[in-house]
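None of these values were measured; they are calculated from a predicted model. Every chain is numbered from 1, with letters handed out A, B, ... down the list of sequences.
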There are 2 protein chains.
Amino acid sequence: MLKIGELAQRTGISRDALRFYEKHGLITPTARTDSGYRLYSKSDVLRISFILSAKEVGFTLNEVHQLLELEVTKDKKSCQDVKEFVDNKIQVVNQRLIEMKKIKQSLKTLSVACCGGDEPATHCTILGALNTHNR
Amino acid sequence: MLKIGELAQRTGISRDALRFYEKHGLITPTARTDSGYRLYSKSDVLRISFILSAKEVGFTLNEVHQLLELEVTKDKKSCQDVKEFVDNKIQVVNQRLIEMKKIKQSLKTLSVACCGGDEPATHCTILGALNTHNR
DNA sequence: CTTGACTCTGGTCTATACTCCAGACTTTAT
DNA sequence: ATAAAGTCTGGAGTATAGACCAGAGTCAAG
Ligand SMILES: [Zn+2]
Ligand SMILES: [Zn+2]
Ligand SMILES: [Zn+2]
Ligand SMILES: [Zn+2]
């Protein structure tokens, strides 16, 4: 059984973050010492690695929470359920991606039109473009 | 001169948002009535359109703030300054874009490996992948 | 037996961009 | 004159993911 500091070191997550995850129902230490110190077991470590993996592929803590529930009740859930969850997330990410590409394009358009020179920016096309009420 | 509600209607920004922008130094009504009502002039309307345009191309309010300062002091600033600002933002957006693409790819990899069937998810490759400590 | 390192709880703070609310005025319309 | 609609200020709440801090208790080593 590990104390919180040891677990923090092994996982690279801060003690505060671990307590934060606990507060939000992502993980609960298997036991406590008489004095109240958290004690984490091997399965707790596995759970942490699950959380980390899920975070790495872009799930929010809230989503990790839902994933953990799928995991725990996986005999009552189907692959369909799990895949649907992931596919939904892909849709969201994709949407966000499209928006950001648009933004990048707009910025590039602004940038290329500007001479970038040393003269005062009174004639700057960027500032000019932002000033025009475009609708 | 427009009262806040009229300006809100013309710009599509809520009254609360207008007051919020004011609190953060993005805009100040040209005048106030004796009773304290905000009064916006034509130049205030232009400023709002500047803010809107900048927001549309992805600048945060903080960045819009900096842009407005460039705008106001444009005779003391060069095109170089302005372009640099925009190019910096492009870099940031681009970085974010790369990260999101990675995430999307990871999610897709997870998704295609899952059968998506009706059977219990005890064998699900997605849950399996998240459970393996990948480093 | 006393440091120093660790842990506990509960609370505040950060950035982002607002929204919503209450209680009190003011203005407009009937 | 009265009611409805608009405005004022200040403050709280929302989601995200923790960081940091204080005051107090605990544990190991010298
Ligand atoms: Zn120029
Ligand atoms: Zn320019
Ligand atoms: Zn399957
Ligand atoms: Zn599956």
Under a 4.0 Å heavy-atom criterion, the protein footprint on nucleotides 17-30 of chain C, written with B, S and -, is BBBB-----BS---
Side-chain ([X]) to main-chain ([Y]) donor-acceptor, under 3.5 angstrom:
X	Y	result
B:Asn131	B:Gly128	no
B:Ser49	B:Leu46	yes
A:Lys89	A:Gly58	yes
A:Asn88	A:Phe85	no
B:Asp81	B:Leu70	no
A:Arg47	A:Leu26	yes

A:Arg19 CZ: over 12 foreign heavy atoms closer than 6.0 Å | yes
So for atom NZ, which belongs to B:Lys83, do other residues, nucleotides or ligands contribute more than 12 heavy atoms lying within a distance under 6.0 Å?
yes
[N] [atom2] sits how many Å from [X] [atom1], rounded?
X	N	atom1	atom2	answer
A:Leu39	C:dC6	CG	P	16 Å
A:Gln9	C:dA5	CD	P	14 Å
A:Glu63	D:dT16	CD	P	8 Å
A:Ile4	C:dA5	CD1	P	19 Å
B:Arg32	D:dG6	CZ	P	19 Å
B:Ile51	C:dT16	CD1	P	16 Å
A:Arg38	D:dG25	CZ	P	18 Å
A:Leu2	D:dC27	CG	P	17 Å

Within residues 87-101 of chain B, those residues having any heavy atom closer than 4.0 Å to DNA chain D are none
Check: Are B:Glu99 and B:Arg96 ion-paired here, with the side-chain N under 4.0 Å from a carboxylate O?
Finding: yes
